[in-house]
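Report on the following structure.
Keep in mind that what you see is a predicted model, and the values were worked out from it rather than measured.
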There are 2 protein chains.
Amino acid sequence: MIRRIPQARERGIPDATVARLPLYLRALNGLAERGTATVSSEDLALAAGVNSAKLRKDLSHLGSYGTRGVGYDVQYLIYQISRELGLTQDWAVAIVGVGNLGRALANYGGFVSRGFRVAGLLDADPAVVGDHIAGLTVEHSDGLEAVIRKRGVSIVVIATPATAAQQVCDRVIAAGVTSILNFAPVVLTVPDGVDVRKVDLSIELQILAFHEQRKVSGGPMMAEDWAGEAG
Amino acid sequence: MIRRIPQARERGIPDATVARLPLYLRALNGLAERGTATVSSEDLALAAGVNSAKLRKDLSHLGSYGTRGVGYDVQYLIYQISRELGLTQDWAVAIVGVGNLGRALANYGGFVSRGFRVAGLLDADPAVVGDHIAGLTVEHSDGLEAVIRKRGVSIVVIATPATAAQQVCDRVIAAGVTSILNFAPVVLTVPDGVDVRKVDLSIELQILAFHEQRKVSGGPMMAEDWAGEAG
DNA sequence: GTGCCTTTGTGAAGCCATGCACAAAGTCGA
DNA sequence: TCGACTTTGTGCATGGCTTCACAAAGGCAC
C-alpha cells in the first residue's frame, strides 16, 4: 500500500541503485569543485562510501559512460546522473507545516542546489501565516490546492504534526500530486500510483540505540531475563 | 568503512528487522493509546504498513511473544520491543550544530518520548552560544569533549555544515562516542566499531524526483538521447 | 604500430530478505 | 472434556542485491 514503486524496474534500474545515485552525485560534485577531471571507480567508490564493484554495476545500469584504462569523466557523469534522476529540470516543491522542521527544510540549501525550488510554504496556524522564511511568505493551508495548481507543484513535503498528516496527504493527492515526502511519524495511506517516501528522525536514533546497547552490555545474559516475566 | 554493523546478527536479528522494529513500536503505541489490549499480526501489519508474514517473522526473531488464536498483547509487546531496542534505558544525546535543523531536532518530541534525552546543544558560532532552546542553553563546541564525558553522552547527532562534520566526528570518537547520527551531507570516515547512520534530506527528494520523472515523461525516448553527445 | 598496463563492464556465485502456505498451538463455546 | 476455529511461527521457494573475479577494451609509451 505504501512504497509500491514498480516503475523503477521498467527500464531495469533497481531501486537500490536509484537510492545510491544521489550519493554518487554528491561525491562527484565534491570532486568537480576540487577540479578533478576524471575519476576511477575505485576512487569514486571511496568518496561515496561504497564498494567499487557495486558502483560500477550501478553505473552500468545507466549506460557505458566510463573509459577503460582511464575512468569516468567527472562532468559528464554528473550530467548523466543528474539527467537520470530528473534533476536537470526544475521541480516545484511545497512544504506543508512550517514548524521547526519545516523552517529547517525551507532554509536547507541542498534543495535549491539540486534542481528543487520551494514554491510554497503553508501552515494551518494563523500565528505562523505571514512569516517570511527563506524569501517566501507563509500562506494559510486553506489555499493548498490553489498553490499546487497555480505554481505547478509536483512534490509535496509534509512536515506537519502526525495528526494532520493524513488529511494533508489526502488533499494534495486530490489536487493531483503523486510524490510525497513525509516527515510526520505516521504511516500514510495512499492509492496506487502515489509515491510516498518517509523520513523518521527518531527511527534512526532507535536503530543506533539498538547497536549501542549491544556494545555496552556485552551480549550474553540479555536474551533470558524475560523468561517468566509475563509469558 | 562505514556501516559495518556485524553486531546485529550476533544473536540473529537481521538489520532489516531491526530497522522495522521502531515502526512496529510506533503502531503499537497508537493502538495502546486507543485502549486496544491485543492485536493480531494482520491488524498490526496494516497499522505499520508492512506484510503480515514479514511482521510475524520479524517478531519471531525476538521470541514467541504471541498467543495463537488470539494475537499479541499490546503492552507486553511494547515492552519487549522497547527492551530489545534498548529504549528502556535513558540515552543521553548531544546535538552538535544548532542551525535550523539542530533546533528542530532539539524541539522534536519524538526523541524524549522514546528514551532519548537531549543532554547538550553545542555550536561553534558565538552568536548562537547562550541561546535557550528546548530548556537547554547552547554551549560552545570547544567544550564538546567535556560535555560528552561529564554527562555520559553515548550518542551524538551531527547537524553542522558539511565542512565541519568530519572534524566534529573525529572529536566525538576520540571522546569515546561510538554511535553517530549524521545529518551533514558528507560521507564520514570512522574507524571500525563506530556506528554511523545518516539522514540526507535531499537524497529522499532526489529519489522522488526520479520516480516522478518516470511518471510524466512516459518512459521511451529517454535512453537514447545521450548517444553521440560526448561518448 | 605494437605491446603493456590500467580500468571498466559483467557473468556467476552466494547471501539475504520476502512472502506463501501450512502445521502446530492455543482459545472459546457447548 | 471436546471439537471447531483462529492465529501464530516457520520451512521453503523465489527473487533481488552484493561481491568476486576476469575477460574485454582502451590509452600510452616507445
| query | Can you tell me if the side-chain N/O atoms of B:S41 get under 4.0 Å from OP1 or OP2 in D:dT8? | reply | yes
| Considering only C:dG9, C:dA17, C:dT8, which nucleotide approaches the side chain of B:A16 most closely? | C:dA17
| task | Assign each of A:V70 and B:V70 to its nearest nucleotide of DNA chain D by heavy atoms, then name whichever residue's nucleotide is nearer the 5' end. | result | B:V70
| Nearest of D:dG27, C:dG9, C:dA17 to any side-chain atom of B:P14? | C:dA17
| Euclidean distance, atom CG of residue A:L55 to atom P of D:dT18 [Å, nearest integer] | 12 Å
| note | Separation of D:dC17 atom P from A:L21 atom CG, nearest Å, is 13 Å
| Atom-to-atom span, OH of A:Y72 to C1' of D:dG27 - whole angstrom | 16 Å
| message | Could you check whether B:S179 and A:E212, counting side-chain N and O atoms only, form a donor-acceptor pair closer than 3.5 Å? | response | yes
| task | Answer with yes or no whether the side chains of A:Y76 and A:Q80 bring together a donor and an acceptor at under 3.5 Å. | result | yes
| Where the side chain of A:R68 is concerned, which of C:dC20, C:dT8, D:dA21 is the nearest nucleotide? | C:dT8
| Among A:I173, A:D170, A:T178, which one satisfies side-chain contact (heavy atoms from CB on, under 4.5 Å) with A:P191? | A:I173
| said: Is there a side-chain contact between B:R20 and the phosphate of C:dT18, meaning an N or O under 4.0 Å from OP1 or OP2? | reply: yes
| Between D:dG16 (P) and A:I13 (CD1): distance, integer Å | 15 Å
| query | Between atom CG in A:N51 and atom C1' in C:dC15, what is the gap in whole Å? | reply | 14 Å
| Nearest-angstrom distance from the residue atom CG of B:D73 to C1' of C:dT27 | 15 Å
| Distance check: side-chain N/O of B:K57 vs OP1/OP2 of D:dT10, anything under 4.0 Å? | no
| task | Round to a whole Å and report the spacing from CG of A:L59 to P of D:dC17. | result | 16 Å
| Nearest to the side chain of A:T67 - C:dG26, D:dG27, C:dG9? | D:dG27
| task | Please check if atom CD in B:Q89 has more than 12 non-hydrogen atoms from other residues, nucleotides or ligands closer than 6.0 Å. | result | yes
| said: Applying side-chain contact (heavy atoms from CB on, under 4.5 Å) to A:Y72 and A:R56, what does each step give before you reach the verdict? | reply: CA-CA 10 Å; A:Y72 300 89; A:R56 286 198 299 276; 3.9 Å; yes
| request: Among the candidates D:dT8, C:dA21, C:dG9, find the nucleotide nearest to the side-chain atoms of A:R56. | output: C:dG9
| request: Could you tell me the separation between the OH atom of A:Y65 and the P atom of D:dG26, rounded to a whole number of Å? | output: 16 Å
